[in-house]
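Take a look at the structure below.
This is a predicted model, so every value here is computed, not measured.
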There are 2 protein chains.
Amino acid sequence: MKTTTLPLFDRPEGMTTHDYAFARLRQAIMVGSFRPGTSVTIRGLAEALESSPTPVREALRQLTSIGALQFLENRRIVVPRITPARFEELISLRIALESHAARRAVAHLSERQIERIAAIDDSIEDEINRGDQVAALIANQAFHRTIYTANPDQIVMPLIESVWLQLGPILGIAMEHVSELYVVDRHREAIEALRRRDEDAVADAIAADIREGIGGFDQQAVAHLLKLAA
Amino acid sequence: MKTTTLPLFDRPEGMTTHDYAFARLRQAIMVGSFRPGTSVTIRGLAEALESSPTPVREALRQLTSIGALQFLENRRIVVPRITPARFEELISLRIALESHAARRAVAHLSERQIERIAAIDDSIEDEINRGDQVAALIANQAFHRTIYTANPDQIVMPLIESVWLQLGPILGIAMEHVSELYVVDRHREAIEALRRRDEDAVADAIAADIREGIGGFDQQAVAHLLKLAA
DNA sequence: TTTGCAAAAATGTGATCACAAAATGAGATT
DNA sequence: AATCTCATTTTGTGATCACATTTTTGCAAA
């Protein structure tokens, strides 16, 4: 029996067992803690989370709704496998969704919020220098999320996070094989564009950031990574 | 006690109770059977579906993951309310997602598939003439879905359907107050563009279809509808 | 060593129950 | 008539169990 390693996660007071299980598993998948093809069991996770099947099953069901997991025909629960074509599809979706979200956030961002975003960008570099890949990844997600969620009535963030979740497993593999995370410096560009309230430039910077970051892996590189992981 | 009316739905052999509950409720919300703000109960639905709380609760949890329902702080389960701003957000997301999906589907569509799409378009008009709004709506969704899912490795369809689900409740209200469903004839335009393999023209036609169809309701019209429904 | 098959274990599913929290309603008070 | 209080009911939560299916294991035959 292999013990499933889950990232640490403080359980806030009053959080239901189900919500805790969901948040914990979601976070684990998002930062690449599970490899593609990994299979999980309800009872196994219930034990790892010190609870019972019912809330865990609900959490797993929710995770399948957002593409983070898959219930197979034979009732097995697995982390979806990634193909180069699927990867390309995910990246192009990220670009479409996030340029859209970024463009529509511009008008809602205050000067103060933009400074906060710049601070988050600085923290990304700090984490990279400290060699903490997962922390850098989380900070990078916070950078994007903080921009997009400036728009108060927005629906798009859950959809974007669904795509992030689906990219999580390959991201985990990439982190194992890339000695250092390099972040293309499109963030500064995006921040400058935010200050100028230039919606097109913001959208372009975000698109370029994705394309040159994780999106920079071409199909061959992804195929290579998947071969290494197999 | 009010009996919840759910659209008919044959239960395929071998389908689990949970899957059935999920499909049934999802379909009901998608075609506007629930009004915004409606609250549902686990036990109530379990009784209506002749099953027990466990599978129903799982289905409800999944539906919240895709924005079709909401678990409130006080543990009440409701159909999300719509504001004019949220409505506008949903429409702009539909345009972004569906133009993207349509563009990327073009290369995968065979002549035969395009003819099938044209046939679906004809059936929409039939249903409108027969006065069956729900059937027309379902056929319209099939028209869009058939185009987008021509791309085999696509991830976008579940995201699009999440947006459709969130538009469902207001769509139901609109159907109550609009005597006849008018469908803008952008479908022919899209089909012609598909035949020419003109990706830009397809994307434009789909965007226009959404903008002039349900997207044609401006914020005032939506506010008016919501007032009527309240 | 490999293959085939039956027993055993593991696993998802769904119903049920006890519990706590929230909502509801009746009756008293102002 | 309106408001507050408290008992009752409703409702979500989570643990448990029985059942059916699938997977794994163990052992014998080729």
Salt bridge (charged side-chain N to carboxylate O under 4.0 Å, His left out) evaluation trace for A/E127 with A/R130: CA-CA 5 Å; A/E127 300 294 358; A/R130 284 177 39 197; 3.4 Å; yes
Report the C-alpha separation of B/R104 and B/V156 in whole Å, then their side-chain angles, then the decisive distance to 0.1 Å, and conclude whether the side-chain contact (heavy atoms from CB on, under 4.5 Å) test is met. CA-CA 10 Å; B/R104 293 179 64 93; B/V156 74; over 6 Å; no
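Place A/P53 and B/R75 on DNA chain D by their nearest nucleotides, and B/R75 ends up nearer the 5' end.
Of the listed nucleotides (D/dG14, C/dG12, C/dG14), C/dG14 has the atom at the smallest distance from the side chain of B/P55.
Below 30°, between 30° and 60°, or above 60°: for A/Y148 and A/W164 the angle between ring planes is between 30° and 60°, a tilted geometry.
Taking atom CD of residue B/E58 and atom P of nucleotide D/dT13, one finds them 13 Å apart after rounding to whole Å. When rounded to the nearest whole Å, the span between CD of A/E50 and P of D/dA15 equals 11 Å. Atom-to-atom, CG of A/L72 to P of C/dT13 comes out at 11 Å; the value is rounded to the nearest Å. Rounded to an integer number of Å, the gap from CD of A/E47 to C1' of D/dA15 is 15 Å.
Checked for salt-bridge contact, A/R112 and A/E115 miss the test: no charged N lies under 4.0 Å from a carboxylate O.
Nucleic acid contact class of B/R76 (heavy atoms, under 4.0 Å, all strands): sugar-phosphate only. At a threshold of 4.0 angstrom between heavy atoms, the contacts of A/T17 are confined to the sugar-phosphate backbone, with no base atom among them. In this structure, B/T41 reaches the sugar-phosphate backbone alone: every heavy-atom distance under 4.0 Å involves primed, P, OP1 or OP2 atoms, never a base.
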